[in-house]
Amino acid sequence: MVKNYTSAQLLNKVKSLPSFKGFPEDYWILGVQSQEDSFNLFDDKFYIFKGQQFIMVTSGTTNSGKNGLMNYDTYNAEGVAVVKTNEFYYNVWKFGLHKGKMEALKQVRPFLISRDGDKDQKIEEGLSLPVICGINFHANTYNMKSTEIKEIIGGWSLGCQVVNNIPKYTKIIELVKPQKVVSYCLLKEF
């Protein structure tokens, strides 16, 4: 699991990024990707901020699960999508439905992604290009009444940013739903 950080530590790290242009005034999401990168496990964190005010934190994944890492060739011969870390992505999502079934944040602007195609059970970042390819922010179940916090990613991420705590996910969606767009920053654990 990703270590714990204070709001000041996180915000200072975000400010140090070359892509940082200022904090959004409304709600935005900060992902922190685990250095450990445990295979097929929810081992990352998502922090919700409004401007520079910390709102909440939850667990999830910023990496693909087993299905994406090991079976990517069934949907993209180049490999599974890997979002570039240590980047701030402004106005990248808007409210919508993931696969027409779940309230989620849908990609509307490019992420810098690379493709991992070596099936070694670890995410590797390579040459990153700006792409719109359905990198959404969603939950790991269509059952929004679930209180189970699952540990296994399975097929719930092929590059998407996925929360595994449904009560917290529901709260996040309630907060960001009224916004036209939502910004995202993805950090590597530091």
Side-chain angles (χ1 to χ4, degrees), residues 1-15 17 20 22-34 38 40-65 83 85 87-109 111 134-190:
M1 242 351 217
V2 172
K3 66 182 179 180
N4 294 319
Y5 296 99
T6 66
S7 295
Q9 289 172 315
L10 291 169
L11 295 174
N12 285 334
K13 180 67 173 174
V14 170
K15 285 191 268 187
L17 302 176
F20 177 74
F23 292 108
E25 292 183 16
D26 50 13
Y27 293 104
W28 59 282
I29 300 170
L30 172 61
V32 180
Q33 188 177 84
S34 166
S38 298
N40 204 35
L41 295 179
F42 288 99
D43 65 349
D44 302 327
K45 289 184 181 177
F46 296 105
Y47 295 82
I48 311 308
F49 285 88
K50 184 170 187 182
Q52 295 183 56
Q53 179 185 357
F54 168 77
I55 304 298
M56 64 185 291
V57 63
T58 189
S59 56
T61 188
T62 64
N63 299 327
S64 179
V83 177
T85 57
E87 293 287 338
F88 206 115
Y89 300 97
Y90 290 92
N91 305 324
V92 74
W93 287 316
K94 71 173 185 175
F95 177 77
L97 295 177
H98 177 69
K99 295 191 176 183
K101 300 178 184 178
M102 165 193 324
E103 290 187 341
L105 297 176
K106 295 189 62 143
Q107 183 183 5
V108 293
R109 296 200 54 189
F111 278 102
I135 303 290
N136 297 337
F137 180 85
H138 62 81
N140 71 329
T141 180
Y142 294 116
N143 177 7
M144 292 297 115
K145 293 185 179 28
S146 175
T147 57
E148 179 184 5
I149 299 176
K150 296 180 183 173
E151 293 182 23
I152 305 296
I153 301 167
W156 282 102
S157 177
L158 302 176
C160 289
Q161 311 297 284
V162 183
V163 175
N164 66 334
N165 182 318
I166 303 310
K168 288 188 176 185
Y169 175 77
T170 302
K171 179 66 177 167
I172 294 166
I173 292 300
E174 286 173 14
L175 292 172
V176 301
K177 189 175 184 176
Q179 293 180 197
K180 290 185 180 182
V181 288
V182 178
S183 296
Y184 181 58
C185 182
L186 178 57
L187 299 176
K188 183 62 102 172
E189 185 177 15
F190 57 96

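Note that the structure is predicted; figures quoted are calculated from it, not measured. What you see below is based on every heavy atom in this structure, not just the backbone, and it leaves out hydrogens, waters and symmetry mates.
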Neighbour count >12 (heavy atoms, 6.0 Å) for atom CD, Gln53: no
Side-chain donor-acceptor pair present, Gln161, Tyr184, cut-off under 3.5 Å: yes
Heavy atoms of Val182 and Gln179 approach each other most closely as CG2-NE2, 3.7 Å
Taking Gly134's backbone N and O only, do any of them form a donor-acceptor pair with Gln107's side chain (distance below 3.5 Å, no angle check)? yes
Taking the side chain as everything from C-beta on, heavy atoms only, tell me whether Val14 gets closer than 4.5 Å to Leu187. yes
Listed by chain and number, what are the ring-ring contact (aromatic ring centres under 6.0 Å, His included) partners of Phe88, not counting sequence neighbours? Trp28, Tyr90
Does any non-hydrogen side-chain atom of Phe95 lie less than 4.5 Å from one of Val176? no
Geometric class of the Phe46/Phe137 ring pair [parallel <30°, tilted 30-60°, perpendicular >60°]: perpendicular
Tell me which pairs pass side chain to side chain donor-acceptor pair (under 3.5 Å) where either residue lies in residues 136-146, with sequence neighbours left out. His98-Asn136, His98-His138
Identify the two heavy atoms, one from Val162 and one from Ser157, that lie closest to each other, and give their separation to 0.1 Å. CG2-CB, 3.8 Å
NZ-CG distance between Lys15 and Leu11, expressed to the nearest 0.5 angstrom: 6.5 Å
With sequence neighbours left out, what residues match Glu87 under salt bridge (charged side-chain N to carboxylate O under 4.0 Å, His left out)? Lys84
Check whether any side-chain heavy atom of Glu189 sits under 4.5 Å from a side-chain heavy atom of Tyr5, and report yes or no. yes
If a pair satisfies salt bridge (charged side-chain N to carboxylate O under 4.0 Å, His left out) and one of its residues is in residues 155-184, list it, with sequence neighbours excluded. Glu103-Lys177
Does Lys94 NZ have over 12 foreign heavy atoms under 6.0 Å away? no
Sequence neighbours left out, what passes ring-ring contact (aromatic ring centres under 6.0 Å, His included) with Phe42? Give chain and number order. none
For the atom pair CD1 (Ile149) and OG1 (Thr58), what is the distance rounded to the nearest 0.5 Å? 7.0 Å
Distance (rounded to the nearest 0.5 Å) between Ser183 OG and Tyr89 OH: 12.5 Å
Let me see the working for Leu41 and Ile152 under side-chain contact (heavy atoms from CB on, under 4.5 Å), right down to the final yes or no. CA-CA 5 Å; Leu41 295 179; Ile152 305 296; 3.5 Å; yes
Any heavy-atom pair between the side chains of Thr62 and Val83 that's under 4.5 Å? no
List the steps and the verdict of side-chain contact (heavy atoms from CB on, under 4.5 Å) for Phe190 and Leu10. CA-CA 10 Å; Phe190 57 96; Leu10 291 169; 4.2 Å; yes
Measuring only between side-chain heavy atoms, which start at C-beta, is Ile29 closer than 4.5 Å to Trp93? yes
Report the distance from atom CZ of Phe49 to atom OG of Ser7, rounding to the nearest 0.5 Å. 4.5 Å
For Gln33 and Asn63, which heavy atoms make the closest approach, and how far apart are they? NE2-OD1, 2.7 Å
Using modelled atom types and a 3.5 Å cut-off, is there a donor and acceptor pairing between side-chain atoms of Asn40 and backbone atoms of Gly65? no
Is it the case that Ser59 and Asn164 place a side-chain donor and acceptor less than 3.5 Å from each other? yes
Only pairs at least two apart or in different chains count here, so list each salt bridge (charged side-chain N to carboxylate O under 4.0 Å, His left out) that has a residue in residues 43-55. none
Can you tell me how far the CD1 atom of Ile172 sits from the CG atom of Asn165, to the nearest 0.5 Å? 8.5 Å
CZ on Phe111 to CD1 on Ile135, rounded to 0.5 Å: 6.5 Å
